[in-house]
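Along the sequence shown, residues carry numbers from 1.
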Amino acid sequence: MTDLYAIDSHKLMYHPRRVAQWQDVGGDWEKAKSVYPIYVEMSPVGGCNHRCTFCVVDYIGYQARALSLEMLKTRLPEMGQLGVKSVMYAGEGEPLLHKNINEIVAVTKASGMDVSFTTNGVMLNERFVENSLSLVSWIKVSMNAGTPATYAKVHRASEDEFGRVVGNLKRADEYRRKHGIDCQIGAQALLLPENAAELKELARLCRDEMGIDYLVIKPFARHEHSTKEAYDRLDYDQYMALESEFAEFESKDFHVVFRKNTMQKYMEPSAARYPKCYASPFFLAYVMADGSVYGCRDRLLEPQFEYGNLNELSFSEIWEGPRRQESFGYVREKLDISECRKNCRMDEVNRFLHRLETSSVPHVNFI
């Protein structure tokens, strides 16, 4: 399998100045407070048009709220000036439901930050494609089935929406090719008992009908606060042999990213991980649809990781403020990562930073 975008790994090593800044921090808050995130995940809206069986943010409640465009017109340029390099619009709701999403994309890009989306693709309509596709680095569509019936079962949506998403992706691909737009378009699917037998059909659809660039197949990892229990004890060892079956779909223009590394980590004991979280509160920030800023996307609604609200404070006031200082101390001294979600977004980053801090790679000076 080809992983051109390091989806099953990380890219922090390509930001050596920020890593060196982090290494210099130690336990010094005065140094830590000015280490700004490279990447921000932002939830434009709280509501969602699907109720997926695997949703890890169901505990938030799909609330009908949205980030203000006027507020973002001030905060996004500030974030870019402070060193944030990318914003992914995703979150607790479906980002394309925001009525001003095209204007938000334009402001983000004009602020010097790369833009991406994780979406269910239902609202990937002509207006978005024509206005925003040229400003977006990549779009990844969550599409967890190869047939309308299974799609409806897993996404808890209508069967008709399966064809609608296929059509939306096909039209987006045609538009970018016609206009020479450099936006990578992919799909992703959680490997679940319901869809395991038809993911090859999804790969075929992605390559031959939609014309997109890649399909990611990854494991489920339950959030401790989620109300979903159906997939708590999945054994991914039984699925490892599937990797070879996707080789037939590989081509110059299409790749399947079978996240074998992540599946293997899911099966390993928690003790095999790093001893603490190194990434928080540094390299990632998460903005909820009510404007609250968090230092960990898997610790939403937990006060130890909430730093302030963009509707009330500037990003610098939040990031260098007392609540993030408290979180800095909490993560260093009290956080028990055995309670953290396996395969969190910063897992590979944490493994990398752990090796840097402990020099656990033998003979590191023999470059």
Side-chain angles (χ1 to χ4, degrees), residues 5 11 36-50 65-143 164-165 167-188 210 212-214 284-293 297 310-311 314-315 345:
Y5 311 107
K11 295 179 277 287
Y36 277 86
I38 295 170
Y39 161 81
V40 173
E41 185 169 328
M42 196 171 291
S43 184
V45 298
C48 190
N49 50 339
H50 288 181
R65 56 192 185 187
L67 295 174
S68 160
L69 173 61
E70 292 308 308
M71 179 271 288
L72 291 175
K73 284 181 177 179
T74 300
R75 302 292 185 244
L76 287 169
E78 181 202 10
M79 289 163 62
Q81 292 168 5
L82 290 168
V84 175
K85 295 182 178 295
S86 65
V87 179
M88 181 178 80
Y89 291 107
E92 72 239 45
E94 165 51 47
L96 295 182
L97 289 175
H98 197 292
K99 64 180 181 180
N100 300 120
I101 195 61
N102 292 300
E103 293 88 344
I104 291 172
V105 170
V107 174
T108 309
K109 189 64 176 178
S111 300
M113 296 179 289
D114 296 334
V115 186
S116 69
F117 279 83
T118 295
T119 168
N120 60 39
V122 175
M123 300 299 294
L124 189 63
N125 54 31
E126 185 177 345
R127 181 170 178 266
F128 179 85
V129 169
E130 292 182 356
N131 284 275
S132 295
L133 201 65
S134 63
L135 304 176
V136 175
S137 297
W138 56 262
I139 296 172
K140 193 184 298 174
V141 174
S142 181
M143 200 173 182
R164 181 176 177 179
V165 174
N168 286 347
L169 285 168
K170 183 177 181 179
R171 286 187 289 274
D173 172 65
E174 291 171 347
Y175 186 88
R176 67 169 176 163
R177 294 181 188 276
K178 178 180 178 180
H179 295 275
I181 293 172
D182 184 22
C183 171
Q184 275 63 56
I185 303 177
Q188 67 178 10
M210 293 181 257
I212 62 177
D213 301 303
Y214 63 87
L284 173 147
Y286 186 103
V287 180
M288 294 186 70
D290 67 351
S292 299
V293 178
R297 69 185 299 274
L310 290 176
N311 293 304
S314 69
F315 192 72
R345 186 174 293 278

Note, [X] side chain near [Y] side chain (heavy atom, < 4.5 Å):
X: Y5; Y: W138; result: no
X: Y214; Y: K140; result: yes
X: L72; Y: M42; result: yes
X: S314; Y: E78; result: yes
X: F315; Y: P37; result: yes
X: Y39; Y: M88; result: yes

Pair listing, salt bridge (Lys or Arg N to Asp or Glu O under 4.0 Å) test, anchored in residues 87-100, at least two apart
R65-E92

Distance, nearest 0.5 Å, that separates [atom1] of [X] from [atom2] of [Y]:
X: L133; Y: H179; atom1: CG; atom2: NE2; answer: 9.5 Å
X: S43; Y: D290; atom1: OG; atom2: CG; answer: 9.0 Å
X: S132; Y: E103; atom1: OG; atom2: CD; answer: 8.0 Å
X: M210; Y: I185; atom1: CE; atom2: CD1; answer: 11.0 Å
X: C183; Y: I139; atom1: SG; atom2: CD1; answer: 4.5 Å
X: Q184; Y: I212; atom1: CD; atom2: CD1; answer: 11.5 Å

Closer than 3.5 angstrom, by distance alone: can the side chain of H98 be matched with the main-chain N or O of A66 as a donor-acceptor pair?
no

Quick one: does R345's side chain have a donor or acceptor within less than 3.5 Å of a partner on R297's backbone?
no

Residues passing the side chain to side chain donor-acceptor pair (under 3.5 Å) test with H50, sequence neighbours excluded, are H155, E161

Which atom pair, heavy atoms only, marks the closest approach of [X] to [Y]?
X: G121; Y: V165; answer: C-CG2, 4.0 Å
X: T119; Y: P95; answer: CB-CG, 4.4 Å
X: G291; Y: L67; answer: N-CD2, 3.6 Å
X: G93; Y: C48; answer: CA-CB, 4.2 Å
X: K109; Y: L135; answer: CD-O, 3.6 Å
X: V129; Y: A172; answer: CG2-CB, 4.0 Å

List in chain and number order the residues that pass side chain to side chain contact (heavy atoms under 4.5 Å, CB included) with [X], two or more places apart in sequence or in another chain; answer none if no residue qualifies.
X: Q81; result: none
X: T108; result: L76, V87, Y89, I104, M113, V115
X: N168; result: L124, R164, R171
X: N131; result: N102, R127

Around atom CD of E130, are there more than 12 heavy atoms of other residues, nucleotides or ligands at under 6.0 Å?
yes

Quick one, S111 with V84, criterion side-chain contact (heavy atoms from CB on, under 4.5 Å). Give me CA distance, side-chain angles, the key distance, then yes/no.
CA-CA 10 Å; S111 300; V84 175; over 6 Å; no

